[in-house]
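Note that these values count all heavy atoms, side chains included, but never hydrogens, waters or copies made by symmetry.
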2 protein chains.
Amino acid sequence: MPAVSDAEDTAVRAKQIPEAAVARLAVYLRILSGLAEQGTTAVSSEELSAAAGVNSAKLRKDLSYLGSYGTRGVGYEVQVLVSQIERILGLTRQHRVAVVGIGNLGHALANYGGFPGRGFPVEALFDLDADLIGVPVGGLPVSHMDDIPRVCSEREISVGIIATPPTAAQSVCDRLVAGGVQCILNFAPVVLQVPAHVEVRKVDLAVELQILSFHVARRADSAASAGSAGENQGNTGLPGTGGSADNGSTGGGRNGAGTDGGLGMVVR
Amino acid sequence: MPAVSDAEDTAVRAKQIPEAAVARLAVYLRILSGLAEQGTTAVSSEELSAAAGVNSAKLRKDLSYLGSYGTRGVGYEVQVLVSQIERILGLTRQHRVAVVGIGNLGHALANYGGFPGRGFPVEALFDLDADLIGVPVGGLPVSHMDDIPRVCSEREISVGIIATPPTAAQSVCDRLVAGGVQCILNFAPVVLQVPAHVEVRKVDLAVELQILSFHVARRADSAASAGSAGENQGNTGLPGTGGSADNGSTGGGRNGAGTDGGLGMVVR
DNA sequence: GTATGTGAATGGGTTCACAGCC
DNA sequence: GGCTGTGAACCCATTCACATAC
């Protein structure tokens, strides 16, 4: 194999890793961190996969995207995998976070006080509510939404978390983008429009609940119609892909009235 | 087509709907609800798909799993689709919800005060912290975790939301199952072990952030190594499958010290 | 003419099973 | 002997393109 620079190597590999595998690598990373903390220095694919709730073949394939860091007949060194996954996931650099919408959810996120460990420190909070501006939440004073572009660019925020009602989400998003934010985690039930260089992920509680509802209904229905019906075998461990979705909820928060975090739900 | 009972029909169709489509149906439902609210009575696949951020072929295929409820040359009736999606997702019955772990996140969920609209009323709250027991949060008094099985079965809870630190999650899960809960939404970064008849979905903030980090890193790397490099085109609208994952975080909440909702994060 | 519904083709991801290496 | 790494087979999901119905 020809020599390649570290950056090139990372780039080439990273481009080929399937989306689904990336999500799982993050899972493995957490388990590995736990193992490292309790002094374990080596694992087999069997052990790791069991802890992650996937089968061992999938785990090995996932790890192979990083390169060949295992030892055949032996297993993997925990520390090596941790480093390699961190490298691929881009966790070697800091990602400063801003939370917008200091309502129910936003408050929880802000209070969490900068995500523990190295990685994603919360460095800015925003809301519309005049009563909240300047008030420290989780040790950080809340700024006004109008200042999003300036503050984000000043503090070099790269990640924005949107926890506003759906109606405000797009405008907040635009301001985050104007402030130079590169990725957005969106809790509002809206499909955001962003330029190509910005990455968005959506988390939607309502959809999660509705998916659960579907599975229960499916079971109930098949039991009802078939009389006995075949039981589907135990869950695969990994609930797998979390859905993503959309709503059109009423705001009606309580905690931080003004720009409360949606957690949007609506049925009907 | 031969006549089939409604229950049978729902069961048969439901069994064949791909997992990915279910998640999107929930998205469509929210958009349709919004349209209905503002008085729109009809939509085309083109319009709906645009709003949902998917292409129209996919939308039509998704809707076809429900049956044929559109009119060729015309489009769909909003109200019809709403009813059909609600039927398939099992939203015609109530799903009473319990929230366990009244910390940062749990507080937010509880305070949300029963998810608005028909569907998922929050009917029970649990925590370990003696200072919280009996205290009303979002209008509902907090019960002790030891009472989970009794209270859940008394109140006919069918959905449990776990917002505890990772260490407590499995034991909470076991108690929810003992209380007859059928589905669990898990915010703790742990892979839960459950019997075959219980459905679990996981939401993991840490993993979401790490996936975002990966995409940014990938872009930065390819730009660095290639000099120019090809830009990947604009996001597809739907961020798609939310990942799910795992960590090994420290508890260290602040709000409801005892059994705070993890929002687990750990890097190293 | 227009927009739905759907078989057929394509592509991505998972599983299998075994070759390769300790 | 044991465990990793990976091509090949398989399966699910998306996309295409057109027949079908209004």
Heavy-atom closest pair, residues B:A42 and B:V78: N-CG2, 3.7 Å
Nearest-nucleotide comparison on DNA chain C, the residue closer to the 5′ end among A:A57 and B:G75: B:G75
Contact state string [nucleotides 9-14 of chain C, B base, S sugar-phosphate only, - no protein heavy atom under 4.0 Å]: ----SS
B:E77 atom CD, over 12 foreign heavy atoms within 6.0 Å: no
Closest non-hydrogen atom pair, B:L29 against A:Q210: CD2-OE1, 4.2 Å
Minimum-distance pair of heavy atoms, taken over all atoms of B:C173 and B:I184: SG-CD1, 3.7 Å
Side chain of A:T71 (C-beta onward), nearest among C:dA3, C:dC22, C:dC18: C:dC22
Spacing of B:L59 atom CG relative to C:dT6 atom P, expressed in whole Å: 14 Å
End axis versus end axis in the helix from C:dG1-D:dC22 to C:dC22-D:dG1, the angle rounded to 10°, five pairs used at each terminus: 0°
side-chain contact (heavy atoms from CB on, under 4.5 Å) evaluation trace for B:V159 with B:Q182: CA-CA 6 Å; B:V159 178; B:Q182 305 199 60; over 6 Å; no
Heavy-atom side-chain proximity of A:F120 to A:L91 below 4.5 angstrom: yes
Where chain A begins and ends its contact with DNA chain D, read 5' to 3' at 4.0 Å from heavy atoms: D:dG2 to D:dA8
Minimum heavy-atom distance B:A188-B:A169, with the two atoms named: CB-CB, 3.7 Å
Steps toward side-chain contact (heavy atoms from CB on, under 4.5 Å) verdict (A:V203, A:N186): CA-CA 6 Å; A:V203 175; A:N186 178 27; over 6 Å; no
B:L63 CG to C:dT4 P, straight-line distance once rounded to whole Å: 9 Å
Between A:E19 and B:H215: side-chain donor-acceptor atoms closer than 3.5 Å: yes
Nucleotide C:dA8, atom C1' - distance to CZ of B:R60 in whole Å: 15 Å
Atom pair distance, as rounded to whole Å: CG in B:L66 and P in C:dT6: 11 Å
Reported CD1-to-SG distance for the pair A:I211 and B:C183, which is rounded to 0.5 angstrom: 11.5 Å
From B:L205 atom CG to B:F187 atom CZ, the distance as rounded to the nearest 0.5 Å: 8.5 Å
